[in-house]
Amino acid sequence: MEIRYKSVSGTRDVLPEEQPYWRFIEKKIAEITALFGYQRVDPPIFEETPLFIRGVGETTDIVEKEMYSFLDKGKTPLTLRPEFTAGVMRLYLQNGLHMLSKPVKLYSIGPVFRFERPQAGRFRQHTQFNVEALGEQDPAIDLEVMSVAWQLYAELGFSDLAFQLNSTGCPQCRPLYIERLKAYYREHLHEICEDCKRRLERNALRLLDCKVAGCQPVIAAAPVISEHLCPECDNHFSALTSYLRGLGKPYIINHKLVRGLDYYTKTVFEVWAKGIGAQNAMCGGGRYDGLIEQLGGDPTPGIGFGSGIERIILSMKEQGLTPEPLPAPRILVAHAGSAAKTAAIEVVFRLRSHGIGALMAFGERSLKSQMREANRLNAGVVIIIAEHEVEAQTLTVKNLTDGSQEEIPAADLILHFKTLGLH
RNA sequence: GUGGGUGUAGCUCAGUUGGAUAGAGCACCAGGUUGUGGCCCUGGUGGCCGCGGGUUCAAGUCCCGUCACUCACCCCA
């Protein structure tokens, strides 16, 4: 066999063996969002390119070099969404959701696309669970949004979780802090790596999460943003942390936690996990109070997060967390002889029409082979039909768990299995 | 864009300092007496050894190139 076509770099196939993870996570998401009162929206996978340029930020890496952008046949510049937030904000404004009473609480789930070099826990197409709460500045909603993520991971079986938490300030206080940070770094220019020299001019906040060993002492002594917040941001942050303490949710204030996207203000947070390679964030998000106005709406606060499903699954596997199994038919119908095969087909369809899952043994193979198949498929019961059963108008029902078998009238088929509770 | 690692059966991998028809386990198929699974036994299907070039009497093995995958940096979920 010659493999002529293969999947595109950075994309992956989700095979049957991994499906239980996906169905389990989707089920938990549906339950938890319902519990918290979040409503699902599904924006399209592609939007006009300028939406993302404005929404994500012109100078971010995502916009500068990671977007899947193209012209359609009408020459309209389009882009496969690199994240959810911009599209959800567009959806919110265009459909008049901003006229609803606040907060408007929304979630989405689906693929996003970024042209990056793939590595462990990072793909060019990955799936995000995305939550947004719009129109509310109360720090209690920061807590609520974070708790959606928290509860999801907890119900999937994760333990010992802690939020990484920080505030990135607002347009009032952040620029002052950035100036302080830059001034500090200029005094230490000779001690930092080349990348940091570049960051100093392009994206100063990123200086704080450089991983080069030589830069660590400089980072450790750098000015800390939490000491440079304006009174409003400071109050917001301390209220949030007091709520977290009140609930007994562990959190770690991480002065080095910054977001790569321009729109974040005040609260930023991540949840870290093991088993996803050098990537540690299973979830990342924060507050973006200026974004909606920037996209043409009225000034509206907002907060949200994105969580990568593939990373959740990687981490579940790493930690040995198993999903619920998917339902599968427990009955296989085996047969020997052409009259028996016709009867077998009828039995399979009769079972299914009564909501009882059943599998047909295809082809004309030995009973032994069909029994092996039943075992492989994890069937609990095999119905055997051969010449004798056809003549006697009966069915042989074998229980694979204990090996017992009995012969029942063919007419009693449905009654028999309803009584067994196998449907 | 930069660096490291790896390319042998559907999957996980052996393959000794270059040497004969390229192997194992798993998976798949068949058989192990009349119409019956799991365990076990036997047999079978399945590989341009990533691709191209070079060195050599001889290349899966050595050299060069190339592509792919992978991990890490950058950045991010």
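Since we're looking at a predicted model, the values are computed, not measured.
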Among pairs that include at least one residue of residues 137-147 of chain A, which meet side-chain hydrogen bond (donor to acceptor under 3.5 Å, both in side chains), considering only residues two or more places apart or in two chains? Tyr38(A)-Glu144(A), Lys105(A)-Glu144(A), Asp142(A)-His236(A), Asp142(A)-Thr267(A), Asp142(A)-Arg287(A)
Please report the distance separating the [atom1] of [N] from the corresponding atom of [M], rounded so that it comes out in whole Å.
N: G3(B); M: A77(B); atom1: C1'; result: 24 Å
N: C74(B); M: U12(B); atom1: P; result: 29 Å
N: A27(B); M: A9(B); atom1: C1'; result: 11 Å
N: G25(B); M: C39(B); atom1: P; result: 16 Å
N: G52(B); M: G15(B); atom1: P; result: 25 Å
N: A24(B); M: A14(B); atom1: P; result: 16 Å
N: G23(B); M: U16(B); atom1: P; result: 14 Å
N: G50(B); M: G7(B); atom1: C1'; result: 6 Å

Walk along nucleotides 31-42 of chain B from 5' to 3' and tag each nucleotide B, S or - by protein heavy-atom contact under 4.0 Å, base first, then sugar-phosphate. BB--BBBB-B--
Symbol by symbol from the 5' end, with Watson-Crick or G-U pairs under 3.5 Å, [ ] crossing and | another strand, RNA chain B is (((((((..((((.....[...)))).(((((.......))))).....(((((..]....))))))))))))....
Within the pair [X] and [N], is there a side-chain N or O less than 4.0 Å away from OP1 or OP2?
X: Arg198(A); N: C74(B); answer: no
X: Lys211(A); N: A72(B); answer: no
X: Gln119(A); N: C71(B); answer: no

Residue from Gln164(A), Met282(A), Gln279(A) passing side-chain contact (heavy atoms from CB on, under 4.5 Å) with Trp272(A):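 Of the listed options, the one satisfying the test is Gln164(A).
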Looking at Tyr177(A), is Arg174(A) sitting on its ring face, NZ or CZ under 6.0 Å from the six-membered ring centre and within 45 degrees of the normal? no
Taking the nucleotide of RNA chain B with the closest heavy atom to each, which residue, Cys210(A) or Gly285(A), is nearer the 5' end? Cys210(A)
Comparing Ala281(A) and Ala120(A) on RNA chain B - which has the more 5′ nearest nucleotide: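 Going by which nucleotide is closer to the 5' end, it is Ala120(A).
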In this structure, how many angstroms lie between the [atom2] atom of [N] and the [atom1] atom of [X], rounded?
X: Asp61(A); N: G1(B); atom1: CG; atom2: C1'; answer: 11 Å
X: Leu257(A); N: A77(B); atom1: CG; atom2: C1'; answer: 13 Å
X: Lys6(A); N: G7(B); atom1: NZ; atom2: C1'; answer: 13 Å
X: Gln125(A); N: A77(B); atom1: CD; atom2: C1'; answer: 13 Å
X: Arg12(A); N: C69(B); atom1: CZ; atom2: P; answer: 15 Å
X: Glu116(A); N: C69(B); atom1: CD; atom2: C1'; answer: 18 Å

Give the ring-plane orientation class for Tyr184(A) versus His188(A), where under 30° counts as parallel, over 60° as perpendicular and anything between as tilted. tilted
Counting the atoms with a prime plus P, OP1 and OP2 as sugar-phosphate, which does [X] contact under 4.0 Å by heavy atoms, base, sugar-phosphate, or nothing?
X: Phe129(A); value: nothing
X: Arg365(A); value: sugar-phosphate
X: Ser9(A); value: sugar-phosphate
X: Ala374(A); value: nothing

Heavy atoms from other residues, nucleotides or ligands near [atom1] of [X] exceed 12 (cutoff 6.0 Å):
X: Gln216(A); atom1: CD; result: yes
X: Arg23(A); atom1: CZ; result: yes
X: Lys256(A); atom1: NZ; result: no

With sequence neighbours excluded, tell me which residues meet ring-ring contact (aromatic ring centres under 6.0 Å, His included) with Trp22(A). none
Residue list, ring-ring contact (aromatic ring centres under 6.0 Å, His included) with Phe46(A), at least two apart or on another chain: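 None.
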Any carboxylate oxygen within less than 4.0 angstrom of a Lys/Arg side-chain nitrogen, looking at Arg12(A) and Glu18(A)? yes
Is the shortest side-chain N to carboxylate O distance from Arg90(A) to Glu48(A) below 4.0 Å?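 The answer is no: the pair does not qualify as a salt bridge.
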Quick test: give all pairs of protein nitrogen or oxygen and nucleotides 3-6 of chain B nitrogen or oxygen below 3.5 Å, distance rounded to 0.1 Å.
none

Looking at Val382(A) and Ala334(A), what are the two nearest heavy atoms and their distance?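 Reported closest heavy-atom pair: CG1-CB, 3.9 Å.
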Which one of Phe163(A), Phe305(A), Phe269(A), Tyr251(A) satisfies the ring-ring contact (aromatic ring centres under 6.0 Å, His included) criterion with Trp150(A)? Phe163(A)
